[in-house]
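Below is one structure, written out as structure tokens; the observations come after it.
Computed from heavy atoms alone, side chains included, the values below leave out hydrogens, waters and symmetry copies.
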Amino acid sequence: DVQLQASGGGLVQAGGSLRLSCAGSGFTLDDHAIGWFRQAPGHERERVSCISEPDGSAYYADDVKGRFSTSSDNAKNTVYLQMNSLNPGDTAVYYCAAVNLYTSDSWCPPGPSEWHYWGQGTQVTVSS
């Protein structure tokens, strides 16, 4: 079975940093891209970042560009989201998701329903 385990959330002051991890099992990063989404109370789940290991492609939403970076460790089948210069607007539950590169029309689909597998969320709270 495919499983994704997100971790690393917590409470941090504005300007601080956190690193989220998404550990996968039952699939490999050779043929799956990983995306990070977040959902704040009363808001829809939104795409934050994606990474495709086979060609090194990465995507960042406009409001996190320059502050967030994503990386992967194939040996651990784990993807990381480094979040710097956090602000209260980044407060949300963060989710990681996986999409099969051979069956998806996009390596970084914008809509949550287009992703094949989801992990549980991890709460990120940024205080002002």
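A donor and an acceptor atom, one from each side chain of Q5 and S7, are nowhere located under 3.5 Å apart. Under the 3.5 Å distance criterion, with hydrogens and angles disregarded, a donor-acceptor pair is assigned to the side chains of N84 and Q82.
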task = Take L29 and I34, measure what side-chain contact (heavy atoms from CB on, under 4.5 Å) needs, and give me the verdict at the end.
result = CA-CA 8 Å; L29 297 179; I34 299 296; 3.6 Å; yes

ask   = Are W36 and F68 close enough, and set up right, to give a ring pair (Phe, Tyr, Trp, His ring centres under 6.0 Å), and what steps lead you there?
value = CA-CA 11 Å; W36 288 97; F68 291 12; 9.8 Å; no

request  = Test D30 against N74 for side-chain contact (heavy atoms from CB on, under 4.5 Å), laying out the working first.
outcome  = CA-CA 8 Å; D30 291 336; N74 261 21; 3.3 Å; yes

request  = Decide yes or no on side-chain contact (heavy atoms from CB on, under 4.5 Å) for Y117 and F27, but give the supporting numbers first.
outcome  = CA-CA 10 Å; Y117 308 105; F27 69 97; 5.6 Å; no

query = Step by step, would you call S104 with E114 a side-chain contact (heavy atoms from CB on, under 4.5 Å)?
reply = CA-CA 8 Å; S104 175; E114 300 172 88; 5.8 Å; no

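Residues V79 and S72 approach most closely at CG2-CB, 3.9 Å, considering heavy atoms. The minimum heavy-atom distance between P88 and S127, with the atom names listed, is CG-C, 4.5 Å. For the pair L101 and P54, the tightest heavy-atom approach, listed with the atom from each and the gap, is CD1-CG, 3.8 Å. Taking each heavy atom of S49 and L81 in turn, the nearest pair found is CB-CD1, 4.0 Å. Summarising the geometry of A40 relative to A92, their closest heavy-atom pair is N-CB, 3.8 Å, with the distance given to 0.1 Å. Counting all heavy atoms, side chain and backbone alike, L4 lies closest to C22 at CD2-SG, 3.8 Å.
Enclosure of atom CG in D105 is not indicated, since only 12 or fewer non-hydrogen atoms of other residues, nucleotides or ligands lie within 6.0 angstrom. The environment of Q120 atom CD is dense: over 12 non-hydrogen atoms of other residues, nucleotides or ligands sit within 6.0 angstrom.
Between T70 and Y80 the shortest side-chain heavy-atom distance does not fall below 4.5 Å. Residues V12 and T125 have side chains not in contact (no heavy-atom distance under 4.5 Å, counting atoms from C-beta outward). In this structure the side chain of V64 never reaches within 4.5 angstrom of the side chain of M83, judged on heavy atoms. The shortest distance between side-chain heavy atoms of V99 and P109 falls below 4.5 Å. Proximity of V93 to T122: side-chain heavy atoms (C-beta onward) are nowhere separated by under 4.5 Å.
Checking Y95, W118, Y59 one by one against F37, the ring-ring contact (aromatic ring centres under 6.0 Å, His included) holds for a single residue, W118.
Under the 3.5 Å distance criterion, the side-chain polar atoms of T78 are matched with a main-chain donor or acceptor of K76.
Remark: R47 is not positioned above the aromatic ring of W115, lacking an NZ or CZ atom under 6.0 angstrom from the ring centre and at most 45 degrees off the axis.
Note that CH2 of W107 and CD1 of I51 are 8.0 Å apart. Values are rounded to the nearest 0.5 Å. For the atom pair CZ of R67 and OH of Y60, the computed distance is 12.5 Å after rounding to the nearest 0.5 Å. The distance from the OG1 atom of T91 to the CG atom of N87 is 8.0 Å, given to the nearest 0.5 Å.
Remark: D63 engages R38 in a salt bridge, criterion side-chain N to carboxylate O under 4.0 Å.
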